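Not measured: the values here are computed from a predicted model. Labels below follow one simple rule: chain letters A, B, ... track the order of the sequence lines, proteins then strands, and each chain is numbered from 1.
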Amino acid sequence: MANKSAATEHGGFPWKHLIGFVLSIVLTLFALWIALGTDLSVTWILIIIFGFAFLQAALQLLMFMHVTENSRKGGFSGRIQIGNVLFGAFVAIVIVIGSVWVMSAGHAKHDKHDAPKTENQDGSHESEEHGSH
Amino acid sequence: MKWDEFFVTGDPLIYGADVSIALTTAGILFYLTYFKKWKWLWTEWLTTVDHKKLGIMYIVSAVLMLFRGGVDALLMRTQLAVPEAKFLDSQHYNEIFTTHGTIMIIFMAMPFLIGLINVVVPLQIGARDVAYPYLNAVSFWTFFIGAMLFNISFIIGGSPSAGWTSYMPLASNEMSPGPGQNYYLLGLQIAGIGTLLTGINFLVTILKMRAPGMTLFRMPMFTWSSLVTMVIIIFAFPILTVALALMTFDRLFGSHFFTLQGEGMDMLWANLFWLWGHPEVYIVILPAFGMFSEIISTFSRKTLFGYKAMIWSMLLIAGYSFLVWVHHFFTMGSGAVVNSVFSITTMAIGIPTGVKIFNWLFTMYRGKIEFATPMLWSLGFIVNFVIGGVTGVMLAMAAADYQYHNTYFLVSHFHYVLIAGTVFACFAGLVYWYPKMFGYKLNERIGKWVFWLFTIGFNICFFPQYFLGLDGMPRRVYTYSEESGWGPLNMVSTIGGFMMGVAFLILVYNMYYSFRYAKRETHGDAWNGRTLEWSTPSAMPPFYNFAKIPVVKSLDHFWRQKQEGKVEKLTIKDIKPIHMPSNSGVPFIMASFFFIAGFGMVFEWMWMGALGLIGVFGTLIYRSFEYDDGYYVSEEEIIKTEKISN
C-alpha cells in the first residue's frame, strides 16, 4: 500500500540523510568540546551550546523531517504539517517559559538549596527562616 | 546481593502471592502443552499484526491489571476500615498505594482505552488495518513488557513506595534505596515507548487511511476523540520520557537534576511530571467522551447533538490541557500571580467539558432511549462525572486548595472523574463492542446487575471521602487514631469498595457465562448501530475488515443507508485481491530484550542492561534490512470468507 510510493521516493543513495547525520554528530561533538575543553565562562558556554541546539533542530527538520515537503493534491498534508509545527511550537514555549516562570516565582525560588539567590538575606537568616517553619 | 534480598520475604501476603503466581504459571504452561497450543499461541497471537487481535490483547492485559490494582485498593481499604489497624505496616501500605495509582493509570486505563481504539477506529474509518501494523505490535509488546516489569517488583526486589507521582527527594536514592523506584522508572519508560508509537500510528491512520468520502467532519465522534488524544500523546509523552530519564540518571549514574545536593531542583520533577500528568488526564478522558458520544447517540436513535461543538471543544481541551499543570501543586508556593493564572486556566477548561455534557443531554432529548447496559453506564457517567467535575472546580480555586490539598477530598474528586469517566467508559465500550470482538453480546441481565452494584458501591466508597477530606483526613496515611473520629465513614467507604470488587467479579463471571450460553450474532449490526464498524456482514469482521472499502457520503453513513433501505450487498464483481501485512515475531522478541535491559538496569547490573539494549538494537537493525511488503489475499479466499454465492 504505502510501500510503493516510499520505494520510488527513496531511490538512489540518501545523501541528504548522510549529510544531516554527519553534521548532527559534528555539532554534538563541538558542543561537548565547548563545554568540557574550553575555559569560557558558564554564560558563554550556555549561549554557544544553545545556538548549536537550535542549529541542530533546524538541520533535523530540514534533512530528516520533510519540513519542505508539499502534498500534490489539495494541500491537505501541508495544512496538517503547519498545524503540527505551530502546535509543537506552542507546547515547546509553554514547557520552557512556563517551567522557568513557575520555578522562579514566589517562594519556589528557595528551591535552590545550595545557593540562596535573594540578595537581602544572608545564609544564616535563610536557615533560621527554614528552621522556624 | 543475596537471595533473600532478591526475593521479597517475610510477609505472608507476599508468600500467598508467590504461590498463586507459581500455580497460575504452571497451570498456563500445562494447558498450552497438554492441548498443544504453543504453535497456536505463537502464530495467532504473539506474532500478529492485526489491529483487532492486538486490541483484544490490550484489553485482556488491562482487565488483569484492573484486578491487580483493584486488589491493591481493597488491601488499602481493609487497612483503613478501622482506626489503628495492624493489617498492613507503613512501608507495605506505601508500596501498595504507589502500585495502585501507577497501575490503574498507566497499565489499566490507558491500555484499556488504547485497546478499544485499536479494535474500533480502523473499522470506523473503513480501513483494513492501521497505517503501521508492525509498529502497532511493537507498541503492544513494549507496553506489555513494561507492565510486567513493573508488576514483578512486589515479589522480586520490592515495590516502589514514593507514590505514583514519585516526588523528589522522596524518590531519591537516599530516601528510597533499593530497586523499587528503579522499577517505576524503567517500567514506565519502556511502556511509554509503546504509547508514543501508538500516538504516531493512530494519528497517521486517522489522517491518511479514511475510506473515500469520509472527510474530517464526517468522522464518527470516537474517531475524532482518538485523533485529538493521539495529538496530546505525541506532545505530552516526550516530557515524561525526559523526566524519567533524568531521574534515572540521578539514581543510577549520580547526576543532580532533582537531588537536594549539587544545585538540583527537586520541585522541577513535580513541574515536569505534571506538565505530562495533566495532559495525561485528558488522554484517558477524551476517548471516554468519544465512546459515550457513540453510545448515547446509538441508544437514543438520534444524531449526536452539536457534532461540531463537540469537536471544537475537544480541540480547545487539547490546547488547554497544556496550560493547567500547576494546579497539582498550588501549595508549592509559586506566589499569587502564578497561582491565580493557573486557577483561571483550570476553571476555563471546565467550560468545553460542560459544553459536552449539555450536548449529550440534548442528544437524549426527545430520543427513543433504549436502556441497554452500555447506555446505563453512559447515564451513570453523566451524573457521577458532574459530581467529580464540580468538586474539581472547587479544587481549582488556589486559595481554597490550600485546605483541600493532600486530603481525602482530593482523593474522592479524582476517583469521581477517573472511575465515573474512564472506568465507566471502559465498561460501556467493552459491552458495546464486545459482539464486534467475540461475535456475541455479554448477558444483559447480569450486565445490569454489574452496573447497579458497581455504581452504588462506587458512591458508597467515595462519597464519604469528600467529608473525610473536609474533616481533615490526609491522603496516603496508613492509619489514623480513634480520637480523629474518621472511623465510621472509613468503614462505610470500605464496604463500598468491596461492593465494587464483587461487581468486578460478576463482570468476569459474565464473560464466562456469555461465552458458554450467549446467542451468537448472525450479522454485524448487533445494536442497530450508526457507524461503519457495524456494517460488516459477519458479526466479527474478517482479518481484512472490509472485502470492499465503503464509500462514505455523510456523517452516520451506515445509519442513513439503513433508513433509506439502501444497504449495499457485496457481489462477486466487487472482489479484488487484498494487500495485507505479514505477521512478525520481531516485535515480541524486541520487547523481550527490553525486559532484559530494564531488569538489568533496575538492579544496576549494567552488563545485563547493555546486553538487553544490544538485543534491542539488533532487532532494529534486522528490521531495517527486512524486505517484506506483505502479501495478497486471493479472490477465492475472500469469496469463501464472505460466503458470496451469486
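- Under a cut-off of 6.0 angstrom, the local environment of CZ in A:F54 is sparse, with at most 12 non-hydrogen atoms contributed by other residues, nucleotides or ligands.
- Heavy atoms of B:V326 lying under 4.5 Å from chain A belong exclusively to its side chain.
- Residues of residues 231-246 of chain B lying under 4.5 angstrom from chain A, judged on non-hydrogen atoms, are B:V231, B:F235, B:I239 by number.
- Counting all heavy atoms, side chain and backbone alike, A:S99 lies closest to B:L275 at OG-CD1, 3.4 Å.
- Interatomic distance, CG of B:L315 versus CZ of A:F87, reported as 9.0 Å (0.5 Å rounding).
- Annotation for B:F617: atom CZ does not count as buried by contact number, only 12 or fewer foreign heavy atoms lying within 6.0 Å.
- Put simply, the side chain of A:W101 reaches to within 4.5 Å of the side chain of B:V341, judged on heavy atoms.
- In this structure, B:Y132 places its OH atom where only 12 or fewer heavy-atom neighbours from other residues, nucleotides or ligands lie under 6.0 Å away.
- Within a 6.0 Å radius of CZ in B:F543, other residues, nucleotides and ligands contribute more than 12 heavy atoms.
- Summarising the local packing, OH of B:Y167 is surrounded by more than 12 heavy atoms from other residues, nucleotides or ligands at distances under 6.0 Å.
- For the salt bridge (charged side-chain N to carboxylate O under 4.0 Å, His left out) test, residues two or more places apart in sequence or in another chain that qualify with B:K548 are B:E568.
- Environment of CZ in A:F50: sparse, with no more than 12 heavy atoms of neighbouring residues, nucleotides or ligands closer than 6.0 Å.
- Within the 4.5 angstrom heavy-atom criterion, only side-chain atoms of A:V91, from C-beta onward, approach chain B.
- Here the CG atom belonging to A:N84 is positioned 6.5 Å from the CG atom belonging to B:L203, to the nearest 0.5 angstrom.
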